[in-house]
Amino acid sequence: MTKRVIIVGCGIVGAMTAYELSRVPDLDVVVLEQHQPAEGSTSAALGVLMGIISHKVKGRTWRLRRDSIQRYHTLIDELADQTGHNIPFNTQGILSLCFEPERLPKWESLQTIRAQQGWPLEIWSPAQVAERCPHLNLENVVAGIYSPQDGQVCPTTLTTALVQAAQQQGATFRMGTTVTGLSADQDGTGQLAISDDCLQADWIVLAGGIGTHALIAQTLEPVSLIPVFGQALRVEVSQSLGNSDFQPIINGQDVHLVPHGKRQYSLGATVEFPAVPETASLQNFQPDPVVFANMQQVAAKYCPALSKAEPLQTWHHLRPRPQGQPAPVIQPLSGFKNVTLATGHYRNGVLLAPATALRVKAQILEGLGL
């Protein structure tokens, strides 16, 4: 007997979950989205996949990163074959510049741990960095840490491909649909309210990012999510940087440099906490030219050509950060027997979307006895 699953939210997490669930023959998957796919925080993400190079080495956080990196290396070709979409996916790794000598032992320890876990992580001398990335200023660089298995993906293109692939597998997407409430009947079965209708499902997944907070605020044990503002900048330089055949994502002083080809690069992203989280909304935040200028100046210290780069585009949005528990929130909603939370990914929604979807899928299949 077919079981119905409703997913609220069609950012990268909701779309990824819909895709994985639509591969299950006995599930009828329906996605509800107030706007269009990837119009929320997904639209402001750079899509940098810092999994292996992360200092997380154990526990749930590490497993989520590890599983996501593994899935990405099969997912992109899988989606391209099914949909025909050309999904920009940089598989040339991430290079993180180390400026503080006292931090080098931590990187060496991480390298040892990753080797034991079966993941390559290389530590390059400044001379080795200069050979591979001649466009960088290495005056204060102690070492470069290179992770060949990490990378970067275009979040919006990926979300579009996930939606199309899920539709091809039978999923239904209802855009322009606002969910106004969530309630439970006497036995704890959840149901959703939309305008003048009530929707019932065998399982509900709440993947609406910061919008999830309002939906669950009146439940017995609500999860607190606060909005955190992020901004990014796309620039164009007069000529391509470095070696044309080696264009990794570069991280220095917490600013990412993401190559896009055609002399275009993205810089970001910022983390800005609102003074009063409870009343924060996207309307309270506007792109700040000073923030973008500062970000460009920081990146120009390790990549001088960026000092004269021409700004092309800025983007910004709010990201959900859970309070009182680690990000992300992937768990049943208290007081409901058929509602799963998949939210609160903070800065790592794109990175952790594959592992999140697989864990939600496992919870649903177990809960429905499939």
Side-chain angles (χ1 to χ4, degrees), residues 11-12 35-36 38-48 50 88 90 94-97 99 133 135-137 139-141 152-157 159 209-211 225-242 247-321 345-351:
I12 185 67
H35 303 290
Q36 293 297 313
E39 280 196 1
S41 56
T42 300
S43 68
L46 289 180
V48 177
M50 299 187 73
N90 189 331
I94 294 178
L95 175 65
S96 184
L97 302 177
F99 295 90
C133 302
H135 57 297
L136 300 182
N137 171 25
E139 181 179 357
N140 297 312
V141 172
Q152 184 266 342
V153 67
C154 177
T156 53
T157 305
T159 302
I210 197 65
L225 299 171
I226 65 168
V228 180
F229 192 55
Q231 305 183 71
L233 170 69
R234 193 173 183 126
V235 301
E236 184 176 79
V237 294
S238 58
Q239 60 184 21
S240 296
L241 306 178
Q247 292 283 308
I249 296 85
I250 296 173
N251 176 270
Q253 305 290 14
D254 293 326
V255 175
H256 297 307
L257 175 61
V258 177
H260 297 294
K262 298 182 179 180
R263 299 182 287 111
Q264 294 188 9
Y265 297 81
S266 286
L267 304 174
T270 65
V271 176
E272 303 164 51
F273 288 85
V276 186
E278 292 76 11
T279 60
S281 68
L282 191 59
Q283 288 71 31
N284 300 138
F285 293 93
Q286 294 300 322
D288 187 345
V290 174
V291 171
F292 292 123
N294 291 340
M295 188 161 52
Q296 189 168 349
Q297 289 174 5
V298 170
K301 290 180 181 179
Y302 67 79
C303 183
L306 294 174
S307 63
K308 298 180 180 180
E310 177 186 356
L312 297 178
Q313 177 188 8
T314 63
W315 61 97
H316 63 282
H317 217 281
L318 299 174
R319 299 161 176 163
R321 183 175 186 266
H345 288 75
Y346 190 24
R347 301 178 70 185
N348 294 308
V350 180
L351 168 62

Point to revise | Any residue meeting side chain to side chain contact (heavy atoms under 4.5 Å, CB included) with A305, in chain and number order, not counting sequence neighbours | key: L241

Practice item. Of all the heavy-atom pairs spanning A300 and S307, show the shortest one and how long it is. Key: CB-N, 3.7 Å

Exercise for review: To the nearest 0.5 angstrom, please state how far the CD atom of Q313 sits from the CG atom of L233.
Suggested key: 9.0 Å

Review point. Do V298 and N294 come within less than 4.5 Å of each other through their side chains, counting heavy atoms only?
Key: no

Review point. Would a 4.5 Å heavy-atom cut-off, applied to side chains only, mark H135 and C303 as touching?
Key: yes

Review point. In Å and rounded to the nearest 0.5 Å, what is the OH to CD1 distance from Y346 to I226?
Key: 8.0 Å

Point to revise | Residues that P304 engages under side chain to side chain contact (heavy atoms under 4.5 Å, CB included), provided they are two or more places apart | key: N137

**Study point:** Shortest non-hydrogen contact between P227 and L318, atoms and distance
**Key:** CB-CD1, 3.9 Å

Practice item. Taking the side chain as every heavy atom from C-beta outward, state whether Y302 and C133 have any pair of such atoms under 4.5 Å apart. Key: no

**Study point:** Q253 side-chain N/O to F99 backbone N/O, donor-acceptor pair under 3.5 Å
**Key:** no

Tabulate below the donor-acceptor pairs under 3.5 Å that side-chain atoms of residues 38-47 make, not counting sequence neighbours, or state none.
unit_1, atom_1, unit_2, atom_2, d
T42, OG1, I12, N, 3.0
S43, OG, E39, O, 3.4
S43, OG, G40, O, 2.6

Check your understanding: How about V255 and K301: do any of their side-chain heavy atoms sit closer than 4.5 Å?
Key -> no

Check your understanding: Looking at H260, Q247, R234, which hits side-chain hydrogen bond (donor to acceptor under 3.5 Å, both in side chains) with Y265?
Key -> Q247

Revision key, fill the gap. Closest non-hydrogen atoms of A309 and Q296, given as atom of the first, atom of the second and distance, are O-NE2, 3.3 Å

Point to revise | Side-chain donor/acceptor of R263 to backbone N/O of V237, under 3.5 Å | key: yes

Point to revise | Nearest-0.5 Å distance that lies between atom CD1 in I249 and atom OG in S96 | key: 12.0 Å

Check your understanding: Do L257 and L267 have side-chain heavy atoms sitting under 4.5 Å apart?
Key -> yes

Check your understanding: If you measure from CG on L136 to CG on L97, what distance do you get to the nearest 0.5 Å?
Key -> 6.0 Å

Review point. Do the non-hydrogen side-chain atoms of R319 and R347 ever get within less than 4.5 Å of each other?
Key: yes

Point to revise | Nearest heavy atoms of M50 and L351, plus distance in Å | key: O-CD2, 3.5 Å

